[in-house]
Amino acid sequence: MLAGVIALVAIPALWGASARATTFDFTDEYYFSGPGQNGCNTTQWRAAFGSGAGVCPHQSGIYQETNTNTANPTIVRLASSGAPGEFVQNTVPNASKGLQLFGWGASLNNATSLANNIYNVANPFNGSVLYFRYETNVTGNLFSNGTTTAFDFNAITFKGALGQTFTLDAYLGGVLQDRIVLTGTGGFTTYTENWANVDTVAFDNTVANPINCTGCIYLGSIGINDPMPRVPEPMSMALLGAGLIGLGVVRRMRG
């Protein structure tokens with residue numbers, strides 16, 4: 001009986017794979033202008049993405065290295081301007097999931113990284129227009145083709161004006177799940193939240209804490225957990241079988 005119970009108790013610990021933590025810090029994204037005066041050159045391109053990155057493209061835009069293969073990295077064009085978001089690197093298929101930003105922009109100087117360079121161009125005072133979501137099943141390097149998917153929101157690093165308060169809200173299916181008021185420190189500060197099962201996080205304007213400004217919030221990084229599907233491992237199935245056999249033996253002995 002004891003062996004069967006031990007086997008069954010051990011199963012939950014092995015059944016579900018742990019969530020995968022991902023930090024989006026935009027260090028793998030760069031803006032490159034097209035050819036011409038002050039345009040992109042291959043030296044700058046390879047300095048950003050590595051010696052195997054090929055030659056500089058002829059189209060201006062924001063580019064991200066989505067596959068970090070040193071000899072043959074994959075680099076995708078996210079958009080012509082703004083701050084569209086960031087794909088999770090080394091996914092299969094490539095660039096199939098990532099964080100999509102709404103209401104954010106960046107100072108786009110040639111060969112410049114977007115890291116610590118993303119700020120709000122949407123004014124939350126005019127509505128809930130400054131937010132981010134997690135997208136999966138993305139195709140064609142376009143976030144708009146993806147599926148909005150729930151995630152666990154771990155932390156955010158941002159810079160806000162010293163003493164200014166910001167209301168951060170989390171939603172699931174449009175329904176408010178969590179809320180906290182954060183106070184700017186004048187520098188980049190990390191705020192840990194650990195909100196589970198949300199699909200949208202927004203800087204919202206509230207009566208108590210109005211945000212009536214543009215360019216007053218600089219985004220540093222966003223940390224999430226991407227919940228992995230619960231798939232039984234072979235060992236779990238073996239333990240399950242052993243547990244059931246053990247219980248069967250006990251029943252027969254009792255009979």
Side-chain angles (χ1 to χ4, degrees), residues 21-31 33 48 61-64 78-87 98-135 143 148 151-172 174-196 198-225:
T22 302
T23 298
F24 300 93
D25 59 12
F26 315 100
T27 55
D28 54 2
E29 292 184 28
Y30 289 80
Y31 174 79
S33 59
I62 297 168
Y63 291 84
Q64 181 193 351
L78 302 181
S80 60
S81 61
E86 182 178 9
F87 285 113
L99 191 78
Q100 184 177 17
L101 301 180
F102 297 84
W104 302 88
S107 299
L108 302 179
N109 298 313
N110 188 44
T112 300
S113 170
L114 269 63
N116 294 335
N117 191 28
I118 295 175
Y119 59 88
N120 67 307
V121 294
N123 183 353
F125 188 78
N126 297 321
S128 300
V129 295
L130 186 64
Y131 59 100
F132 56 85
R133 297 191 308 217
Y134 186 58
E135 302 288 338
F143 284 110
T148 301
F151 60 94
D152 297 337
F153 174 54
N154 295 340
I156 184 170
T157 300
F158 78 93
K159 179 173 70 174
L162 178 63
Q164 181 171 359
T165 53
F166 302 87
T167 300
L168 195 68
D169 289 337
Y171 300 88
L172 180 65
V175 178
L176 182 66
Q177 304 293 311
D178 293 283
R179 166 173 286 181
I180 192 169
V181 176
L182 307 177
T183 302
T185 64
F188 282 100
T189 304
T190 299
Y191 303 84
T192 302
E193 306 308 331
N194 293 324
W195 292 342
V198 299
D199 60 24
T200 303
V201 177
F203 283 88
D204 281 340
N205 177 68
T206 62
V207 174
N209 300 284
I211 308 175
N212 187 11
C213 61
T214 57
C216 63
I217 305 172
Y218 273 78
L219 184 59
S221 66
I222 294 168
I224 73 165
N225 272 0

Among residues at least two apart in sequence or on other chains, which ones pass side-chain contact (heavy atoms from CB on, under 4.5 Å) with Thr165? Val181, Thr183, Asn209

Verify the distance criterion only: is there a donor paired with an acceptor across the side chains of Thr23 and Asp25 at less than 3.5 Å? no

Is the backbone of Phe87 close enough, under 3.5 Å, to the side chain of Gln64 for a donor and an acceptor to pair up by distance? yes

Side chains of Thr148 and Asp199: does their closest heavy-atom pair fall under 4.5 Å? yes

Which heavy-atom pair separates Val129 from Ala122 by the least distance, and what is that distance? CG2-CB, 3.5 Å

Gap between atom CZ of Arg133 and atom CD of Gln100 - 0.5 Å precision: 5.5 Å

Indicate yes or no for a side-chain donor-acceptor contact from Asp152 to the backbone of Ile224 under 3.5 Å, with no hydrogens or angles considered. no

Under 3.5 Å, is there a donor-acceptor pair between the side chain of Asn110 and the main chain of Ser33? yes

Nearest 0.5 angstrom please: Leu78 CG to Glu86 CD, how far? 8.5 Å

Can you check whether Val198 reaches Phe151 side chain to side chain, under 4.5 Å on heavy atoms? yes

The reported gap from CG in Asp169 to CD1 in Ile180 (rounded to nearest 0.5 angstrom) is 10.5 Å

Within the 4.5 Å heavy-atom criterion, are Phe143 and Leu99 side-chain neighbours or not? no

What I'd like to find out is whether the side chain of Leu219 reaches to under 4.5 Å of the side chain of Tyr119, using heavy atoms alone. no

Do the non-hydrogen side-chain atoms of Asn120 and Trp104 ever get within less than 4.5 Å of each other? yes

Spacing of Asn154 atom CG and Ile222 atom CD1 [to the nearest 0.5 Å]: 11.5 Å

Check: Gln177 and Val175 side chains under 4.5 Å, non-hydrogen atoms: yes

Assert yes or no for the condition that the ring centre distance of Phe166 to Phe158 is strictly below 6.0 Å. yes

Rounded distance [0.5 Å steps], CG in Leu108 versus CG in Leu114: 6.5 Å

Of all residues at least two apart in sequence or in a different chain, which pass the side chain to side chain donor-acceptor pair (under 3.5 Å) check with Asn117? none

Can you pull the side-chain hydrogen bond (donor to acceptor under 3.5 Å, both in side chains) pairs that have at least one residue in residues 184-196, sequence neighbours excluded? Thr157-Thr190, Thr185-Thr189

Is there a donor-acceptor contact under 3.5 Å linking the side chains of Asn123 and Asn212? yes

When rounded to the nearest 0.5 angstrom, what is the spacing between OH in Tyr218 and CZ in Phe188? 8.0 Å

Just by distance, with hydrogens left out, do Asp204 and Thr167 show a side-chain donor and acceptor under 3.5 Å apart? no

Proximity of Phe132 and Phe24 rings by center, below 6.0 Å: no

Any side-chain heavy atom of Asp178 within less than 4.5 Å of one from Val201? no

Locate the shortest heavy-atom distance separating Ala115 from Thr27; write the atom from each residue and the value. CB-CG2, 3.7 Å

When the aromatic ring centroids of Tyr30 and Tyr63 are compared, is their separation below 6.0 Å? no

Among Ser80, Ser81, Pro84, find the one that has a side-chain contact (heavy atoms from CB on, under 4.5 Å) with Ile62. Pro84

If you look at every heavy atom in Gln164 and Cys213, which pair is closest and at what distance? NE2-SG, 4.1 Å

Of all heavy-atom pairs linking Leu101 and Gly85, the shortest is CG-CA, 3.8 Å

